[in-house]
Amino acid sequence: MNKKQKIMLARILAAAALLLILGFVPADGWLRLGLYLVPYLIIGYDILLKAAKGIRNRQVFDENFLMAVATIGAIALALAEGSGDYTEAIAVMLFYQIGEWFQSYAVGKSRRNISELMDIRPDYANIETDGRLTQVDPDEVAVGTVIVVQPGEKVPIDGVVVEGTSTLNTAALTGESLPRDAGAGDEVISGCINMTGLLKIRTTKEFGESTVSKILDLVENASSRKSRSEDFISKFARIYTPAVCGSALVLAVLPPLVRMLGMDLSPDWSTWIYRALTFLVASCPCALVISIPLSFFAGIGGASKAGVLVKGSNYLETLSQTKIVVFDKTGTLTQGVFEVCGIHHSEMENEKLLEYAALAESASSHPISKSLQRAYGKELDRSRVSGIQEISGNGVTAVVDGHTVAAGNDKLMDRLGIPYIPCRSVGTIIHMAVDGDYAGHIVISDVVKPHSKQAIQALRSAGVRQTVMLTGDASKVADHVAAELGIDQVYSQLLPADKVEKVEELLKHKPEKAKLAFVGDGINDAPVLRRADIGIAMGAMGSDAAIEAADVVLMDDDPLKIAKAIKISRKCLGIVYQNIVFAIGIKLICLLLVAVGLANMWLAIFADVGVMILAVLNAIRALFVRNL
């Protein structure tokens, strides 16, 4: 509870105590009015000031104006009738402030929950100087600086480990509690917590461009992008409040005039003015104005907890209507990491063939070469290799331990006049020849992510009607991956411009209210991410351009999170619609009862505060997304 909330609670308790005591004090006339004005001003002075400020700024019609008119009117009515019953007016203001305090506490708690979930902002970075660690502001650390992260500290800036091994807790970023090992050469992103060993990290970005900074910026600014539901509530409140004020005025004046002029009856002004004041109290739109933005804020916070960053409530609303999901392949459904997945027709031991291939390719930085070296798994002695010759688009030849080794595709074998055995496996085929004789071939392919197949099934369960894959890969590879994962449609051998064209074609033929999401990770995916109804980027390994262009970012690159994001958005929108229907429905019933004289001011304020409390509690449910 903050200081402001504590002061308000003290005011509520003081006003309630005074109201109770005054019930036993024998006083009449102006003295009684003066005594009752004390608790009234204690509990309501800020409402009166806000109402006066609104009138001065020509922004009259808000809840403060409604409460001020209703309570001052009730006091004036009691004074005019000589009843001395000021309790009702003070109680109305008291219960309204109790509702406001509860709402403030609930909103503050939801903000604190989100802040705790996103408690990843580093306070400092350690730089080693003359054998001593100096703490500096992360903003002051230049790219290329070696920083030291001790056990228990947050990684302050993105970088590459140059020394040490440790385990990192990435829960604040990805929503997953599974720790990740990091050692020399590994990339690490800011916001992780170093759990075990000391790490020395060479920074690759400035703090303002690092992962943690971008995440915090996205979450903090998400509320600036309003959804259609929030815009509706803002417009509704601007029209609704003047309308109910006009209705209250009509209720106060018209029935007495009709009774007096048309029916020759007593106008009974006090009864109808009281009903009009009660009508104003009952009409206060607090539940809608407070609970709808809070629902979206909680939904965005809940998604952040699950490792899904949504850049605004408008995107959350669009995500809930997603019926078509289009995927890039490499780095999205597959790991984008080539691995040796088979050795066929080898004329020597598999390990020996891999050794020759790795040594022959040792001078190359191509991903295929790196995959051969990883598969071999031992340190390469470059002194054993000589005469390396790279033939563009074919492969390499080299002399390894005095043997002539050729490693490449079928074009290289044709070029060297060496008969080879074709391979039916899907992937990149590296044919090997040693001293002019065919020695077998190695199959290298991109590895499908562990959860990709499950992700496609989860999307179908979430109500997605169509899944599509777009890729620049060859048809054989693309068709194989699509069949393995159960994707409905696949388009292969596409250039970046072709992907945009395909997405535009899908947008043209989709059902009217259905939304299309595109999921990608590379620089070449940025145009498509912008063109889709909603763009979803891989945040851990995705390019900065893709993350910038996307509306939703998956922090751990897990495609399974797409279905979770859709479920979170639908839960949030469900809560929003529940609150809209509930609040408006109860309001209309209450206003009708007040108008016909079946509800007094006590019931009106109980209904108003009760609806607001229930709507706020319902909104906070959007924070809880673990079981979706």
Side-chain angles (χ1 to χ4, degrees), residues 222 225-232 292 295-296 299-300 302-303 306 308-329 332-333 452-471 482 485-491 494 498-521 525-538 546 549-554 559-578 580-581 622 625 628:
R225 299 180 177 93
K226 288 192 174 183
S227 69
R228 287 195 300 275
S229 298
E230 287 175 291
D231 285 337
F232 162 74
I292 305 310
S295 299
F296 282 108
I300 289 168
V308 179
L309 296 185
V310 183
K311 293 185 180 180
S313 52
N314 54 334
Y315 303 127
L316 204 63
E317 191 164 26
T318 303
L319 191 61
S320 70
Q321 300 164 350
T322 299
K323 296 296 179 185
I324 303 168
V325 179
V326 182
F327 293 93
D328 170 54
K329 183 183 80 70
T332 303
L333 293 172
S452 288
K453 187 171 183 177
Q454 192 180 346
I456 302 300
Q457 293 169 347
L459 285 171
R460 289 205 176 91
S461 300
V464 171
R465 297 173 189 166
Q466 185 181 4
T467 54
V468 183
M469 188 176 79
L470 308 180
T471 178
L485 300 181
I487 290 172
D488 299 323
Q489 286 177 267
V490 58
Y491 299 96
L494 300 176
D498 298 329
K499 289 183 180 181
V500 175
E501 192 178 310
K502 282 294 178 189
V503 165
E504 287 182 342
E505 189 180 316
L506 288 165
L507 286 167
K508 195 181 295 182
H509 295 100
K510 69 179 177 64
E512 188 179 346
K513 292 185 179 179
K515 299 298 181 183
L516 181 146
F518 179 81
V519 191
D521 72 313
D525 293 327
V528 206
L529 286 164
R530 286 199 181 278
R531 182 63 190 89
D533 290 323
I534 189 153
I536 303 174
M538 298 293 166
D551 309 312
V552 177
V553 181
L554 307 181
L560 194 55
K561 290 286 177 71
I562 302 166
K564 190 173 185 81
I566 291 172
K567 288 177 182 176
I568 290 169
S569 67
R570 288 179 183 165
K571 177 181 179 179
C572 179
L573 265 293
I575 289 169
V576 167
Y577 296 143
Q578 288 165 17
I580 289 173
V581 172
V625 299
L628 291 179

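Computed over heavy atoms, backbone and side chain alike; hydrogens, waters and symmetry mates excluded.
Taking the salt bridge (charged side-chain N to carboxylate O under 4.0 Å, His left out) definition, one finds that E504 meets it with R531, sequence neighbours left out. Under the side-chain hydrogen bond (donor to acceptor under 3.5 Å, both in side chains) criterion, Q457 pairs with no residue, sequence neighbours left out. When the side chain to side chain contact (heavy atoms under 4.5 Å, CB included) test is applied to K567, the partners found at least two apart in sequence or on another chain are A462, L628.
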Check: Please walk me through it: do F327 and V468 pass side-chain contact (heavy atoms from CB on, under 4.5 Å)?
Finding: CA-CA 6 Å; F327 293 93; V468 183; over 6 Å; no
Next item on the list: Take D551 and T318, measure what side-chain contact (heavy atoms from CB on, under 4.5 Å) needs, and give me the verdict at the end.
Entry: CA-CA 10 Å; D551 309 312; T318 303; over 6 Å; no
Item checked: Test side-chain contact (heavy atoms from CB on, under 4.5 Å) applied to I300 and L316, step by step -> CA-CA 8 Å; I300 289 168; L316 204 63; 4.3 Å; yes
Next item on the list: Would you check, one step at a time, whether the test side-chain contact (heavy atoms from CB on, under 4.5 Å) holds for V552 with L309?
Entry: CA-CA 6 Å; V552 177; L309 296 185; over 6 Å; no
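Residue pairs meeting the side-chain hydrogen bond (donor to acceptor under 3.5 Å, both in side chains) criterion with at least one partner in residues 459-470, sequence neighbours excluded, are R460-D488, Q466-Q489, T467-D488.
When every heavy atom of F518 is checked against every heavy atom of A532, the shortest pair comes out as CB-CB, 3.7 Å. Of all non-hydrogen atoms in I536 and A517, the two that sit nearest each other are CD1-CB, 4.1 Å. Here the closest non-hydrogen pair linking I575 and S295 is CG2-OG, 3.7 Å. When every heavy atom of G299 is checked against every heavy atom of A622, the shortest pair comes out as N-CB, 3.6 Å. Residue S452 comes nearest to P559 through the heavy atom pair OG-CG, 3.8 Å, listed as atom of the first residue, atom of the second, then distance. Here the shortest heavy-atom pairing between L470 and K502 reads CD2-CB, 4.1 Å.
Here the CD1-NZ distance, from I566 to K323, works out to 9.0 Å after rounding to the nearest 0.5 Å. Summarising the geometry, atom CG belonging to L573 is positioned 9.5 Å from atom OG belonging to S313; distances are rounded to the nearest 0.5 Å. Between the CG atom of L560 and the NZ atom of K453 there is a distance of 14.0 Å, given to the nearest 0.5 Å. Rounding to the nearest 0.5 angstrom, the gap separating the CD atom in Q321 from the CG atom in L516 is 13.0 Å. Distance check, rounded to the nearest 0.5 Å: NZ of K515 to CG of D533 gives 5.0 Å. Atom NZ in K499 sits 14.5 Å away from atom OH in Y491 (nearest 0.5 Å).
Residues M469 and V326 have side chains not in contact (no heavy-atom distance under 4.5 Å, counting atoms from C-beta outward). Considering only heavy atoms from C-beta on, L333 comes within 4.5 Å of I487 through its side chain.
With K571 contributing its side chain and V625 its backbone, the two residues share no donor-acceptor pair below 3.5 Å. A side-chain donor-acceptor contact under 3.5 Å links K561 to the backbone of A306. Without hydrogens or angle criteria, D328 side chain to G520 main chain gives no donor-acceptor distance under 3.5 Å.
Shown are I324, D498, V528; of these, the side chain to side chain contact (heavy atoms under 4.5 Å, CB included) with V503 is made only by V528. Screening I456, V325, I562 against V464 for a side chain to side chain contact (heavy atoms under 4.5 Å, CB included) leaves a single residue, V325.
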Identify every side-chain donor-acceptor pair in residues 506-514 under 3.5 Å, counting partners at least two apart or on other chains, and give the distances.
from : atom 1 : to   : atom 2 : distance (Å)
H509 : ND1    : E505 : O      : 2.9
K510 : NZ     : A514 : O      : 2.8

